Number of protein chains: 2
Amino acid sequence: MPAVQAMQPINRRPLHEEVVDRLRDLIVRGDLASGARLNERLLCERLGISRTPLREAIKLLATEGLVELLPNRGAVVAAIDAARLAEMLQVMGALEALAGELACRHASAARIEEIRALHKKMLAMHARGDLAAYFQYNQAIHLSIVEASGNSVLANMYRQLNANVRRARYMANFSKERWDDAVREHEEILDALANRKVAALKRLLQEHLANKLAAVLTGIEKAA
Amino acid sequence: MPAVQAMQPINRRPLHEEVVDRLRDLIVRGDLASGARLNERLLCERLGISRTPLREAIKLLATEGLVELLPNRGAVVAAIDAARLAEMLQVMGALEALAGELACRHASAARIEEIRALHKKMLAMHARGDLAAYFQYNQAIHLSIVEASGNSVLANMYRQLNANVRRARYMANFSKERWDDAVREHEEILDALANRKVAALKRLLQEHLANKLAAVLTGIEKAA
DNA sequence: GCCGGCATTTTTGCATGCAAAATGCAAAAA
DNA sequence: TTTTTGCATTTTGCATGCAAAAATGCCGGC
């Protein structure tokens, strides 16, 4: 009997889940642009599946806010208007603040060290001017903090909002000054977390997001 | 041409949406108990629809956390364990606090009057000892505050969590003392809102939810 | 009498079919 | 020329069909 392979049961994920992830990625990365129609036949061909799982996936993404359902007229990739983006970031702020508080209280030292490691790598990317890699680590840090909260409901909601906001980020490549500021803010955030300063961490996370909002909004206005 | 009627276009809701609402209601009200299997054939017959819209609806409710999908083995009504409930209420606390803050800042005086009217009706139900009606108005008040925030993303997330939490409430009928306390808390909440005391309102809303959590948890433990 | 394996039945997952709604287009009317 | 209207095509919404997986029950063996 082959050793390792046979031991972990083959759990084929349901097709519709696969499709959801695939579509979400296409949308978040901008391959499917805002406003683009989701033609069922076309996507079926592209993904090599039938309409049933695709339709299930589309409806799911609609609840996440990534696509908009037009009764009897299919679905389009949801537009990111500035107002909605502001609303989302506001909510993310509240969620991150809560996550920070919980993480401060409950996260293990090891966990915080992991986050610090991510932070260091992020700094390296900043120094090197590698924006894409920087974003990766940036994302990872924020997600880690949220996960360190130990509240899975919170983590799920955050991830959902994050997917929406990331789309905007791809459009809004912000300025060097904002980048430097963001790095400084991260420095302070990590510091507050490591020293378990709850109130400071909450404030810093909220400010960080508020600043991001401002940056992304100006970016979007330029694009529009 | 008939005057008013013809002007507003008939927009038939898609069947799957109807089914989602219907199922959610069945679950929230407890007609479909925790852990109950959702047999497709049975539900199709009961609702008089085919499997496709039903399946779409079930997948949607899964993202809301009301049902759990077991690959190749269908779906069951998600169990409400105390830990998860605590997580949800924690998140609701953060969301309500944000909602309160925004409502304080932006809600019109008329809006606040509406909430006060609901509050008065709620008091009447409390005085009369009509728990069911009291809950109705209680819900309406919290939802109104959330909507008065003007942040629709926030409102949607709150509604989703609320549906989950309400299920627990149906099981956990709490004590008279807790009821009286809750009413007092509401009195203070309304006062803070009416006088635009942001910090106080945030604190009150969070405390109110924390107290609710405690009450519901003891209720659940009794039931289990 | 109880457990395990095999066959049957049920149920799910996905594909496809069909009718209704929407869209596009072209011809007719203004 | 512009607008309108009818027709053909496309696309969606829902129903149903089919195969694979899981559940159920039956029977023989221990």
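Atom set for the values below is all heavy atoms of this structure, side chains included, hydrogens, waters and symmetry mates excluded. Predicted model only: the values in this text are computed from it and were never measured. Convention: sequence-line order gives letters A, B, ...; per-chain numbering from 1.
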Rounded to the nearest Å, what distance is computed from the [atom1] atom of residue [X] to the [atom2] atom of nucleotide [N]?
X      : N       : atom1 : atom2 : result
I49(A) : dC14(C) : CD1   : C1'   : 10 Å
L54(A) : dG13(C) : CG    : P     : 17 Å
E56(A) : dA15(D) : CD    : P     : 14 Å
L69(B) : dT12(C) : CG    : C1'   : 11 Å
R55(A) : dA15(D) : CZ    : C1'   : 11 Å
L15(A) : dA21(D) : CG    : C1'   : 16 Å
R51(B) : dT16(C) : CZ    : P     : 16 Å
E45(B) : dA15(D) : CD    : C1'   : 15 Å

Considering just the side-chain nitrogens and oxygens of [X], establish if one lies under 4.0 Å of OP1 or OP2 belonging to [N].
X      : N       : answer
R37(A) : dT11(D) : no
N39(A) : dT11(D) : yes
R73(A) : dA21(C) : no
T52(A) : dC14(C) : no

Would you indicate what [X] reaches in the nucleic acid, counting non-hydrogen atoms under 4.0 angstrom: base, sugar-phosphate, or nothing?
X      : result
R41(B) : sugar-phosphate
I58(A) : nothing
L42(A) : nothing

Ion pair [X]/[Y], N-O distance below 4.0 Å:
X       : Y       : result
R24(B)  : D21(B)  : yes
R84(A)  : E87(A)  : no
R159(A) : E147(A) : yes

Heavy-atom distance under 4.5 Å between the side chains of V76(A) and L38(A), does that happen here?
->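 Counting from C-beta outward, V76(A) and L38(A) never come under 4.5 Å.
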Side-chain heavy atoms of L154(A) within contact of Q90(B), under 4.5 Å |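 Result no, sub-4.5 Å side-chain heavy-atom pair not found.
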Any-strand Watson-Crick or G-U partner of dG24(C), both distances under 3.5 Å |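 Partner of dG24(C): dC7(D).
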Could you tell me which nucleotide pairs with dA29(C) by Watson-Crick or G-U wobble geometry, both distances under 3.5 Å, or answer none if nothing does?
->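 dA29(C) is paired with dT2(D).
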Identify which nucleotide among dA15(D), dT12(D), dC14(C) has an atom closest to any side-chain atom of H16(A), counting heavy atoms from C-beta outward.
->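 For the H16(A) side chain, the nearest candidate turns out to be dC14(C).
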Out of dT11(C), dG13(D), dA15(D), which nucleotide sits closest to the side chain of S50(B)?
->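 Of the options given, the side chain of S50(B) lies nearest dA15(D).
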Between N72(A) and P14(A), just flag the one whose closest nucleotide in DNA chain C comes earlier from the 5' side.
->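 The residue closer to the strand's 5' end, by nearest nucleotide, is P14(A).
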